[in-house]
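Notes for the one structure printed next.
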2 protein chains.
Amino acid sequence: MQTGEAVTIVHGDEELLARTRHLFATATEIACAANSLGMWAVTHVADDLDALARERRGQVRVRKVFRPGVLLDPVAARGVARTREHHGAQIRITTDELNETILFDRRVAILAGDVRAGRRSYSVVTQPETVQGVTSLFEAVWRAATDVDVYDARIAEIRLLAPRVLDLLGQGVKDEAAARTLGLGVRTYRRRVAELMDALGAESRFQAGVRARELGLV
Amino acid sequence: MQTGEAVTIVHGDEELLARTRHLFATATEIACAANSLGMWAVTHVADDLDALARERRGQVRVRKVFRPGVLLDPVAARGVARTREHHGAQIRITTDELNETILFDRRVAILAGDVRAGRRSYSVVTQPETVQGVTSLFEAVWRAATDVDVYDARIAEIRLLAPRVLDLLGQGVKDEAAARTLGLGVRTYRRRVAELMDALGAESRFQAGVRARELGLV
DNA sequence: GCGGTGCTGGCAGCTTGTTGCCGACGTTGG
DNA sequence: CCAACGTCGGCAACAAGCTGCCAGCACCGC
């Protein structure tokens, strides 16, 4: 990654880590928009980066925006809570579609690309106008987003039954049979399904299946 | 992995490779049942293993059973064709639910477990009765399965439109709007959807979404 | 005890999805 | 040219899914 380049393509998590470690160590402002914890898994895997974040807690403003589906996975929800507690991160939830992005000090933007051959590619952008554009988009999303506490209480409830509902949905079981299996009325079962779809931000059951699989919920 | 153990748990693809390389080098019969190419990606990543398989072509009987959804991905379909051509593998398609399995000479069975923290665990079984049980299950599936050629011609057609249909489905677009977008009548669009669901072995759209995502089709 | 609140589940109306039927049309082979 | 075949698309019947409505019930606070 050369200093003169405005956009650099980075392949794979390891390379991204290697090339951005210094940013995590020096930035005073880190902002992240993610559909799942996947992108931030990079920073969790690297133990030294986690320790670094804790160490720098008072020196860096960390903001993260997730989609509500993230909170459906108990493990991910705990990860979110831990991030807030240990890193002093401010966390909000949005129902808008997100492109996965990390911003450092309004100077560097990392945009996630597609997964190819099991490796995800990232664009590392330093070109000022582009970074500014991405930043303003993030700020707009941030302003419209809701504090995680508002969502978490509600989703914590949905989470209780979600694994069983998702399991039955994933097996292709019809609503009536699924409701019977869970000992619910079909109206209530459908309420639970509708809540899940809302949390997943899905408008159809196919889309919900895709999202649920993406988030590792099924 | 000790000789005396009847079942050994192996974590991650690399470890599986390291511990089973000798099996690929010595076995005269290899049988694999897989939901996707994922499990066999292990052997593709290792170049020396690929070369080994080519070298041993006349010395080892290779049989693989996949689910039809695998053929929906052009890349995977080409991988299947290449395996057949280069390794002389016999390949069949089944619509039954499969547990991902590799068998070596009716003596060793490898069963795939769940993915944990991004690493998949495998059970490596050498206990004779268990291996025999797994082998007989594989043989039953093999007997009932259909030669890949029978499926491939049909699925090759479905594959042409599949990316666009899957994309619209994944966006939650309703059938009528999706049909219009593709310039089809809604009856035809629904035929295409039904074919896809058949190929994916899904009974509901949620399940289809999960499967499609699993196979990397969306 | 009583009123307020929230959840459940049955019912019903509506939308969306599933699939058979059939006429129309294009293609192919004799 | 004609017959056979396969696909498309409109129509319709039916099933599955979506959601509002409301009575019944449990719980809670005064």
Side-chain angles (χ1 to χ4, degrees), chain A residues 68-69 72 95 150-213 217-218, chain B residues 68-69 72 95 150-213 217-218:
Chain A
L72 282 173
T95 53
V150 175
Y151 261 90
D152 201 50
R154 196 181 118 227
I155 296 198
E157 275 201 44
I158 300 176
R159 221 160 29 223
L160 291 179
L161 201 57
R164 283 195 281 166
V165 175
L166 288 163
D167 187 56
L168 292 166
L169 284 168
Q171 288 173 45
V173 182
K174 301 291 191 291
D175 287 0
E176 244 198 57
R180 215 179 309 128
T181 298
L182 296 178
L184 305 173
V186 73
R187 184 68 190 87
T188 299
Y189 176 80
R190 284 179 179 155
R191 277 204 181 94
R192 299 290 91 78
V193 172
E195 286 161 7
L196 273 179
M197 288 181 60
D198 206 45
L200 289 168
E203 314 239 327
S204 71
R205 289 199 177 194
F206 186 97
Q207 192 181 26
V210 172
R211 290 272 167 83
R213 183 64 198 172
L217 301 173
V218 292
Chain B
L72 282 173
T95 53
V150 175
Y151 262 90
D152 202 49
R154 197 181 117 229
I155 296 199
E157 275 203 46
I158 300 177
R159 222 160 27 225
L160 292 179
L161 202 55
R164 283 194 281 164
V165 174
L166 288 164
D167 188 55
L168 292 166
L169 284 168
Q171 288 173 44
V173 181
K174 303 290 190 288
D175 287 1
E176 244 197 57
R180 215 180 308 129
T181 298
L182 296 178
L184 304 173
V186 73
R187 184 68 191 85
T188 301
Y189 175 80
R190 283 176 179 158
R191 278 204 182 94
R192 300 290 90 80
V193 171
E195 287 161 8
L196 274 179
M197 286 181 65
D198 206 45
L200 291 167
E203 314 240 327
S204 71
R205 289 200 177 194
F206 187 98
Q207 192 181 27
V210 172
R211 290 271 167 84
R213 182 65 197 172
L217 301 172
V218 293

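From a predicted model like this one, the values you see are computed outputs, not experimental measurements. Chain identifiers are assigned alphabetically (A, B, ...) following the order of the sequence lines, protein sequences preceding nucleic acid strands; residue numbering begins at 1 within each chain.
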Quiz item: Between Arg180(A) and Glu176(A), does at least one N-O distance fall below 4.0 Å, as a salt bridge requires?
Solution: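 Between Glu176(A) and Arg180(A) there is a salt bridge, with a charged N closer than 4.0 Å to a carboxylate O.
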Quiz item: Any ion pair linking Asp152(A) and Arg159(A) (charged N to carboxylate O, less than 4.0 Å)?
Solution: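 Looking at Arg159(A) and Asp152(A), the cut-off is met.
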Between atom [atom1] in [X] and atom [atom2] in [N], what is the gap in whole Å?
X         : N       : atom1 : atom2 : result
Leu196(A) : dT19(D) : CG    : P     : 13 Å
Leu169(A) : dA16(D) : CG    : P     : 15 Å
Arg205(B) : dT19(C) : CZ    : P     : 10 Å
Glu176(A) : dG9(C)  : CD    : P     : 14 Å
Asp175(B) : dC8(D)  : CG    : C1'   : 16 Å
Glu157(A) : dG6(C)  : CD    : P     : 12 Å
Glu195(B) : dC8(D)  : CD    : C1'   : 12 Å
Glu203(A) : dG17(D) : CD    : C1'   : 15 Å

Practice problem: Would you give the length of the straight line joining atom CG of Leu168(A) to atom CZ of Arg192(A), rounded to the nearest 0.5 angstrom? | Solution: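 So the CG of Leu168(A) and the CZ of Arg192(A) are separated by 14.5 Å.
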Quiz prompt | Distance, nearest 0.5 Å, that separates CG of Leu161(A) from OH of Tyr189(A) | solution =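 So the CG of Leu161(A) and the OH of Tyr189(A) are separated by 9.0 Å.
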Quiz item: Which sits closer to the 5' end of DNA chain D, Tyr189(B) or Ser204(B), going by the nucleotide each is nearest to?
Solution: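 Between the two, 5'-proximity favours Tyr189(B).
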Quiz item: Given dG9(C), is OP1 or OP2 found less than 4.0 Å from the side-chain N or O atoms of Arg190(A)?
Solution: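 Negative; the distance criterion is not met.
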Quiz item: Does the dG20(C) base have a donor-acceptor partner in the side chain of Arg191(B) within less than 3.5 Å?
Solution: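 Flag unset: no donor-acceptor pair detected.
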Quiz item: Less than 3.5 Å between a donor and an acceptor, one on the side chain of Arg187(B) and one on the base of dG17(C), is that the case here?
Solution: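 In this structure, the two groups form no donor-acceptor pair.
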Check every atom of [options] against the side chain of [X] and return the nucleotide holding the closest atom.
X         : options                  : answer
Lys174(A) : dG17(D), dG17(C), dC8(D) : dG17(D)
Thr188(A) : dG9(C), dG17(D), dT18(C) : dG9(C)
Leu184(A) : dT19(C), dG9(C), dT19(D) : dG9(C)

Quiz item: Where the side chain of Arg211(A) meets the backbone of Leu200(A), is there a donor-acceptor pair that is under 3.5 Å apart?
Solution: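 Looks like yes, one N/O pair under 3.5 Å.
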